[in-house]
Amino acid sequence: MPREALTFDNDAIAKVLDEIADLLELKGENVFRAVTYRAAARSIRDLREPLAKLAQEKRLKEIPKVGSSVGEAIEQIIATGRSTRHEELKAAVPPGLLTLLRVGGVGPATARTIYDHLRITTIEELEEAAKDHRLQQLPKIQAKTEENILRSIAALKQRTGRSLLHEAKAAATSMVEYLRAEDGVERIAIAGSLRRYKETIGDIDIVVAADDALPIMETFVRAPSIERVLARGDTKSSVVESRGLQIDLRVVPPASYGAALLYFTGSKEHNVRLRGLALRRKLLLNEYGLYRVGAEERGQEIASATEEEVYAALGLTWIPPELREDHGEIDAAQGGALPKLVELADVRGDLHTHTNWTDGRDPLADMAKRARAKGYAYLAVTDHSPGLGMTNGLSLDRIQARIAEAAKLNGELAPFRVIVGTEVDIRANGNLDYPDEVLAKFDVVSASVHSSFAQPREAMTARINGAMRHPLVTAISHPTGRLLEKREPYAVDLDAVIDTAVETGTWIEVNGGPERLDLPDTWIRKAAGRGATLVVNSDAHAIEELEWMDLGCGTARRGWATAASIVNTRGLEAVLAARKARR
DNA sequence: GCCGTTTTCGGCCCGACTGTTTTCAGTCG
């Protein structure tokens with residue numbers, strides 16, 4: 001078996017199937033064929049067992065949407081690292097067409113038209129053509145489409161190639177566990193932007209305290225998940241792991257651990273302010289410790305073993321990593337005025353989740369049991385309304401069935417409570433996707449925008465404000481609609497949205513989904529500062545994704561949010577009362 | 001290409017929206 005075949009995990013195989021789907025569409029084959037490949041890719045991503053194992057046990061056909069053709073392709077990829085179908089398609093479709101698909105608003109048909117007439121195969125050529133107004137000379141493309149293409153390209157270029165929080169966290173955690181097992185590792189921690197819960201991550205920083213750095217460096221660069229080594233030194237090494245993430249490891253003596261952790265956690269701006277503060281006290285702060293100027297020899301530091309003692313030596317209380325952005329946290333720490341930020345442990349329940357009745361993966365019973373196992377007191381299931389065609393939104397019959405199912409679960413899981421809510425679509429005209437008599441059946445109603453993202457700012461603001469003024473709406477979900485690294489937020493006046501939220505008592509969601517992390521932290525700070533009520537949710541579509549509550553809490557902390565400003569740190573009775581008071 | 005207590009063939013999930021159109025194709029979720 002070729003070595004590369006071993007590295008084909010479920011995700012990599014799903015990626016190939018997705019690309020086959022794209023190629024089939026570009027080639028103009030039966031769209032349902034493409035749909036099937038895409039559906040198969042999705043069910044593979046949802047699998048909890050490795051495909052290689054299922055293949056070995058001849059159980060591939062148990063996977064939804066995997067039949068003889070897709071099954072054969074999977075077996076081929078596992079055995080040889082490639083699929084004949086994939087190779088043939090790639091040979092049949094002009095190179096570069098796949099690239100054009102990356103531009104938002106450009107699908108197979110548009111890509112085809114552009115290629116057929118202009119032979120364009122790269123984003124750069126596409127941008128040139130759009131700027132020269134050559135696109136609008138093509139059939140079915142006019143000035144407006146050309147503008148949209150240019151805007152999509154601009155957004156594409158803006159992408160920094162940063163990783164989403166959950167991906168970076170998974171890669172970092174597995175490396176930390178791997179290194180922790182090494183002899184001589186006294187302490188180890190994730191530092192950098194990941195420790196600060198920044199919404200996207202450039203690279204991963206890990207700090208280790210050990211007396212002898214060399215064997216740890218050796219173990220690090222030999223980790224099985226490593227693709228290539230960028231730099232390798234006595235105390236610092238950098239590698240790229242299999243998913244393309246860069247990991248920097250820094251090993252320091254145990255006595256310097258606190259100073260090193262502080263230094264490598266950043267942010268840079270926070271560190272600069274701290275070092276300035278130190279200088280005014282005739283002190284020098286670096287990654288080894290805090291020293292009197294001119295006495296920066298090892299062993300003469302004033303403070304360095306823990307972050308707390310370094311901060312204390314500078315006249316500050318310990319500052320939570322999420323606040324270290326030089327956004328006023330240093331002044332607050334000097335005055336002892338830092339807020340007590342919300343912690344995951346403060347959260348009593350999740351109020352935005354989906355099940356396999358719409359676009360989620362797992363049944364309600366599984367979601368509820370996992371939520372209870374997490375220590376929550378309650379869970380709201382908020383499947384979609386029918387307006388979103390793809391997500392198979394709930395009809396009135398199914399809502400009744402859901403309410404009955406929840407009642408039954410509540411009998412089994414007491415005192416844990418499942419409540420039935422909805423994530424109702426706010427249509428383009430501002431109407432909600434259920435009539436009032438249906439909305440009245442739900443315990444919580446989250447309203448959200450899933451369409452017509454290009455509306456003018458005034459229209460979008462009126463649309464969202466209108467939904468918040470509806471007496472049966474409890475919360476506004478993912479208020480900016482952004483998808484990190486993928487889609488810009490829509491134009492909306494968030495100041496006005498926050499005002500309306502305060503005025504009507506509507507909760508503003510902090511969506512913990514790593515693609516969203518919406519509301520963004522700067523707005524969380526404004527919202528909480530103005531007395532808005534927040535709700536932190538996972539927006540889980542599978543049981544594991546309930547863990548995304550952690551990311552939502554991290555984002556809330558970046559927005560300086562306390563437990564008191566967040567409704568689901570309270571018990572269910574208080575939550576329902578808050579909802580009722582809002583009507 | 002997959003799938004079936006209606007079907008082994010003929011459907012497939014589908015609605016909203018946009019921009020192009022003059023009744024609809026393309027894209028998105």
Side-chain angles (χ1 to χ4, degrees), chain A residues 17-18 20-44 60-74 83-86 88-89 100-114 135-152 155 354 356-360 383-395 398 423-434 448-456 459-460 463 477-478 481-483 486-488 490 513 515-516 539 541:
Chain A
L17 297 182
D18 270 331
I20 290 177
D22 285 341
L23 290 163
L24 285 169
E25 278 194 342
L26 285 168
K27 205 161 162 255
E29 284 199 28
N30 182 342
V31 288
F32 291 112
R33 209 163 278 167
V35 165
T36 298
Y37 273 98
R38 221 165 260 135
R42 197 190 140 120
S43 46
I44 284 166
L60 285 180
K61 293 219 172 147
E62 291 174 16
I63 305 166
K65 302 297 172 182
V66 175
S68 47
S69 299
V70 177
E72 201 183 309
I74 295 170
S83 125
T84 321
R85 188 80 170 105
H86 187 220
E88 284 170 355
L89 282 165
L100 298 188
L101 287 188
R102 287 173 47 216
V103 179
V106 175
T110 312
R112 191 89 235 181
T113 307
I114 292 170
L135 294 185
Q136 51 174 289
Q137 292 157 20
L138 306 182
K140 306 232 177 194
I141 296 180
Q142 289 199 8
K144 203 122 189 195
T145 306
E146 200 172 64
E147 279 170 35
N148 284 340
I149 287 176
L150 271 178
R151 210 170 311 128
S152 296
H354 298 273
N356 60 353
W357 278 25
T358 60
D359 58 349
D383 271 320
H384 289 283
S385 63
L388 265 179
M390 174 91 172
T391 54
N392 191 22
L394 297 191
S395 62
R398 298 175 81 212
E423 180 180 6
V424 65
D425 212 32
I426 309 172
R427 292 179 188 156
N429 63 7
N431 289 343
L432 297 177
D433 200 34
Y434 281 126
S448 47
V449 167
H450 290 114
S451 60
S452 291
F453 299 121
Q455 281 182 336
M460 184 65 87
R463 183 178 171 191
S477 283
H478 44 75
R482 72 171 177 184
L483 292 181
K486 207 164 159 187
R487 184 173 75 204
E488 293 300 305
Y490 37 69
E515 270 202 320
R516 296 192 182 273
D539 196 359
H541 287 63

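Nothing here was measured: the structure is a model prediction, and the numbers come from that model. Order of the sequence lines fixes the chain letters, A, B, ..., with proteins taken first and strands second; residue numbering starts at 1 for each chain.
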Within this structure, what is the CE-to-P distance between Met460(A) and dC17(B), rounded to whole angstrom?
11 Å

Could you run down nucleotides 23-28 of chain B 5' to 3' and tag each one B, S or - for protein heavy-atom contact under 4.0 Å?
--SSSS

Measure from CD on Gln455(A) to C1' on dC17(B) and round the result to the nearest Å.
10 Å

Output all residues satisfying side chain to side chain donor-acceptor pair (under 3.5 Å) with Asp18(A), sequence neighbours left out; order by chain, then residue number.
Arg45(A)

Please report the distance separating the C1' of dT8(B) from the corresponding atom of dG4(B), rounded so that it comes out in whole Å.
8 Å

Excluding sequence neighbours, so at least two apart, what forms side chain to side chain donor-acceptor pair (under 3.5 Å) with Ser448(A)?
Glu423(A)

Who passes salt bridge (Lys or Arg N to Asp or Glu O under 4.0 Å) against Arg38(A), sequence neighbours left out?
Asp22(A), Glu25(A)

With Glu515(A), which residues qualify under salt bridge (Lys or Arg N to Asp or Glu O under 4.0 Å), at least two apart?
Lys486(A)

Mind calculating the distance between CG (Asp433(A)) and C1' (dC14(B)) to the nearest angstrom?
13 Å

In DNA chain B, stems of three or more consecutive pairs, Watson-Crick or G-U, each with both distances under 3.5 Å, turn out to be B:1-4 with B:9-12, B:14-19 with B:24-29

Between Gln142(A) and Arg427(A), which residue's closest nucleotide on DNA chain B lies nearer the 5′ terminus?
Arg427(A)

Rounded distance in Å - CD (Glu147(A)) to P (dT18(B))
15 Å

Nucleotide dC13(B), atom C1' - distance to NE2 of His384(A) in whole Å
15 Å

